[in-house]
Amino acid sequence: MAKLTVEDLPLEGKKVLMRVDFNVPIKDGVVGDDNRIVAALPTIKYVIDNGGRAILFSHLGRIKKEEDKPGLSLRPVAERLSNLLNKPVTFVPVTEGKQLEDAIDNMKNGDVLLVQNTRYEDVKDGEYVKRESGNDPELGKYWASLGDVFVNDAFGTAHRKHASNVGIATNMPGKAAAGYLMEKEIKFLGDAVDNPERPFVAILGGAKVSDKIGVIDNLLDKADKIIIGGGMAYTFYAAKGIKVGNSLVEKDKIDVAKQILDKAGDKLVLPIDNVVADKFNNDADTKVVEGDIDDGWMALDIGPKSVKEFANVLKDAKTVVWNGPMGVFEMPNFAKGTLEIGKFLGTLTDATTIVGGGDSTAAVKELGVADKLTHISTGGGASLTYLEGKELPGIAAISDK
Ligand SMILES: Nc1ncnc2c1ncn2[C@@H]1O[C@H](COP(=O)(O)OP(=O)(O)O)[C@@H](O)[C@H]1O
Ligand SMILES: O=C(OP(=O)(O)O)[C@H](O)COP(=O)(O)O
C-alpha cells in the first residue's frame, strides 16, 4: 500500500485515535450481527498489544433529529466489544467536552475507550446541523487534538467524507494510517474487480435507493448485467409506469431511474413478480403478484419467478458482486428471495462471489450461506464506490508513505 499503515506508527504510550465502522444492527439494546466489530479486532489488538491507548470513533445509523439519539447509542457495542476483547471497554456517552477529555487523560497503555456515536454531532439543540456528516472543519480539528496518531480501519465508511474519518486524517498529516481491515478489503476488491473475469454481474437491492441509484449508472459501463431487487426495484417500476402500491419508492429519483433504463437496455434485470403485503409486518396478509401492485399493498420480497430469472442470469457469471438484500429479510416471511439468491450464489463454485454491506452481510450469515461465498466485505456503499473506479475519500485522506 502506498499509504501509511498501522505498523508504520509509533504506538507505545500514544493516544491512538481509531475510526472503525461499528454501524451494526441493534435490536432491543443488543447487537445482532457483529461481523463489523469482529473485523476490526486485529487492528485494535495490535494497537493495545503494542502499548497504545485505543480511542475508538464510529457512527451508528443516521441521526436527523434529537429523538433518533437514544436508540442509536453505541453503548451496546461497547459491551459486545468488551466481551470480544475479553477486557473492559470504557464507554463515553458524549462526543466532545470535559467528560470525554478527562476519560482520555485517565487512560493507561493498552486501555480501550469507545466514544459515543459520532453522528450525535449531526443534531445540536434540535437542529440538523450535520457537523459530522458535513465534515465541519472545527469538529475534525477538535477530535484530532485528542490524540497523537490516527488509524482509519473503517472500510465500510470509506466512501463518506465525514469529520471522523477525513476530518481527523487531514488534521493529522503524516500521522494518519490505514488499519489491517482497510488493507485487506482493498487488496481483495482490487484483485477481484480491477479486471473482473466475465461475465460480471452486479446485484443491487436494499433500501438506500437515493444513495446507490447513481452507482448503477456508472456500473452500466463495467458490468455485463445488473440485477435489481429489494427496495431498490420499485423506483424503477415507477419509472416504467408499473403500479407500485405502497412499496418503497423515492419519488425524486424516478427521473434518474428513467434515464438509467433508457441507457441500460437489456443489461438491467428487474423482478418479474413480488411478494406483496398489506402492512409492513411479518404477520401481514401476503400474496404473489406479477407486474402492477395495487394500492394498499407493498412489495416486501421478490417472488419465485424473479428468483428463477435472476438465477438464470447468474448461472454463467464469473464475477458477482452483491449489495443489498432482495427483500425485508429481517422478517422471516420476506426472507426467501434473499435466501434463494444467496444459496444460488453458493453453488457458483467457478465464480468469484463478493457480498458487501452491513445488512447484506448480516443476511447471508443469518441465512447460513456466508461460508459458500468468496469474500464477505464489511462495506456495501464503499465496495460499490470502489467498483465504480472512484476514489474513496476515507482512504485518500490517509497519509502517504
Ligand atoms: N422491498 C423492500 N421494502 C423495504 N425495505 C426493504 C425492501 N427490501 C429490502 N429492504 C431493506 O433494506 C435494508 C438493507 O438496505 P441497505 O442498507 O441498502 O443494504 P446494506 O446494509 O447491505 O448495504 C434492510 O433493512 C431491508 O429490510
Ligand atoms: O452501513 C454502511 O453502509 P452500507 O450499508 O452501504 O454498507 C456504512 O456504515 C455507512 O453508513 P451510511 O450509509 O449511513 O453512511
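Both counts, for ligands and for their atoms, begin at 1 and track the order of listing. Note: hydrogens, waters and symmetry copies are ignored here, and every other heavy atom, side chains too, is used.
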Peer 1: Regarding ligand 1, does Glu330 bring an N or O atom to under 3.5 Å of one of the ligand's N or O atoms?
Peer 2: yes
Peer 1: In terms of side-chain geometry, is the basic nitrogen of Lys243 or Asp294 positioned less than 4.0 Å from the acidic oxygen of its partner?
Peer 2: yes
Peer 1: Where's the contact between Ser247 and ligand 1, heavy-atom distance under 4.0 Å: side chain, backbone, both or neither?
Peer 2: neither
Peer 1: Does any N/O atom on Ala299 come nearer than 3.5 Å to any N/O atom on ligand 1?
Peer 2: yes
Peer 1: Determine, step by step, whether Arg131 and Asp136 satisfy the salt bridge (Lys or Arg N to Asp or Glu O under 4.0 Å) criterion, reporting the C-alpha distance in whole Å, the side-chain angles of both residues, the deciding distance to 0.1 Å, and the verdict.
Peer 2: CA-CA 5 Å; Arg131 289 190 82 211; Asp136 179 321; 3.3 Å; yes
Peer 1: State, without any angle test, whether Thr157 and Asn165 hold a side-chain donor-acceptor pair at a distance under 3.5 Å.
Peer 2: no
Peer 1: Please list, in number order, the atoms of ligand 1 under 4.0 Å from a heavy atom of Gly357.
Peer 2: 22 (O), 23 (O)
Peer 1: Which ligand 1 atoms, with their elements, are less than 4.0 angstrom from a heavy-atom of Asp359?
Peer 2: 14 (C), 17 (O), 19 (O), 20 (P), 21 (O), 22 (O)
Peer 1: For Lys305 and Asp273, what are the C-alpha separation, side-chain angles and deciding distance, and is it a salt bridge (Lys or Arg N to Asp or Glu O under 4.0 Å)?
Peer 2: CA-CA 6 Å; Lys305 284 191 179 165; Asp273 60 348; over 6 Å; no
Peer 1: Can you check which of Lys212, Arg62, His159 brings a heavy atom nearest to atom 13 (O) of ligand 2?
Peer 2: Arg62
Peer 1: To which protein heavy atom is atom 6 (C) of ligand 1 closest, and what is the distance rounded to 0.1 Å?
Peer 2: Val328 CG2, 3.6 Å
Peer 1: Quick test: of every protein heavy atom, which one is nearest to atom 5 (O) of ligand 2, and how far off is it to 0.1 Å?
Peer 2: Lys208 NZ, 2.8 Å
Peer 1: Set out, in order, the CA-CA distance, both residues' side-chain angles and the distance that settles salt bridge (Lys or Arg N to Asp or Glu O under 4.0 Å) for Lys3 and Asp400, then state yes or no.
Peer 2: CA-CA 4 Å; Lys3 299 284 183 185; Asp400 292 328; 2.9 Å; yes
Peer 1: Report, in ascending order of atom number, the atoms of ligand 2 lying under 4.0 Å from any heavy atom of Asn23.
Peer 2: 1 (O), 2 (C), 8 (C), 9 (O), 11 (O)
Peer 1: To the nearest 0.5 Å, how far apart are NZ in Lys69 and CD in Gln116?
Peer 2: 9.0 Å
Peer 1: Looking only at protein heavy atoms, which one is nearest to atom 6 (O) of ligand 2, and how far off is it?
Peer 2: Gly381 N, 2.7 Å
Peer 1: Could you identify the single nearest non-hydrogen protein atom to atom 9 (C) of ligand 1 and state the distance to 0.1 Å?
Peer 2: Gly327 O, 3.1 Å
Peer 1: Suppose I only count heavy atoms of Asp21 and a 4.0 Å limit; which atoms of ligand 2 are within that range?
Peer 2: 8 (C), 9 (O)
Peer 1: Would you mind checking which non-hydrogen protein atom is closest to atom 7 (C) of ligand 1, with the distance to 0.1 Å?
Peer 2: Gly231 N, 3.3 Å
Peer 1: Check ligand 2 against Gly357 and write out every atom of the ligand that is under 4.0 Å from a heavy-atom position of the residue.
Peer 2: 7 (O)
Peer 1: How long is the gap from CG on Leu270 to OH on Tyr237, to the nearest 0.5 Å?
Peer 2: 6.5 Å
Peer 1: For Lys212, state whether at least one heavy atom is located under 4.0 Å from any atom of ligand 1.
Peer 2: yes
Peer 1: Test of understanding: given a 4.0 Å heavy-atom threshold, classify the contact between His162 and ligand 2 as side chain, backbone, both, or neither.
Peer 2: neither
Peer 1: Heavy-atom contacts with Gly230 under 4.0 Å: which atoms of ligand 1 show up? List them by number with element.
Peer 2: 1 (N), 8 (N)
Peer 1: Which ligand 1 atoms does Asn323 reach within 4.0 Å, using its non-hydrogen atoms?
Peer 2: 20 (P), 22 (O), 23 (O)
Peer 1: Under 3.5 Å, N or O to N or O, is Leu300 touching ligand 1 that way?
Peer 2: no
Peer 1: For the pair Phe188 and His375, name the ring-plane relationship: parallel under 30°, tilted 30 to 60°, perpendicular over 60°.
Peer 2: parallel
Peer 1: As an exercise, identify every atom of ligand 1 less than 4.0 angstrom from a heavy atom of Tyr234.
Peer 2: 1 (N)
Peer 1: Walk me through it: do Asp49 and Lys45 pass the test salt bridge (Lys or Arg N to Asp or Glu O under 4.0 Å)?
Peer 2: CA-CA 6 Å; Asp49 288 350; Lys45 281 186 182 156; over 6 Å; no
Peer 1: Return the residue, atom name and 0.1 Å-rounded distance of the protein heavy atom closest to atom 22 (O) of ligand 1.
Peer 2: Ser360 OG, 2.5 Å
Peer 1: So which protein heavy atom does atom 11 (O) of ligand 2 come closest to, and at what separation?
Peer 2: His59 NE2, 3.2 Å
Peer 1: Can you see whether Thr352 engages Glu197 through a side-chain donor-acceptor pair at a distance of less than 3.5 angstrom?
Peer 2: no
Peer 1: Starting from atom 11 (C) of ligand 1, locate the nearest protein heavy atom and write down its residue, its atom name and how far away it is, to 0.1 Å.
Peer 2: Ala207 CB, 3.8 Å
Peer 1: Considering only heavy atoms, does Asp301 approach ligand 1 within less than 4.0 Å through its side chain, its backbone, both, or neither?
Peer 2: neither
Peer 1: For atom 2 (C) of ligand 2, what is the nearest protein heavy atom, given as residue, atom name and distance?
Peer 2: Arg36 NH2, 3.5 Å
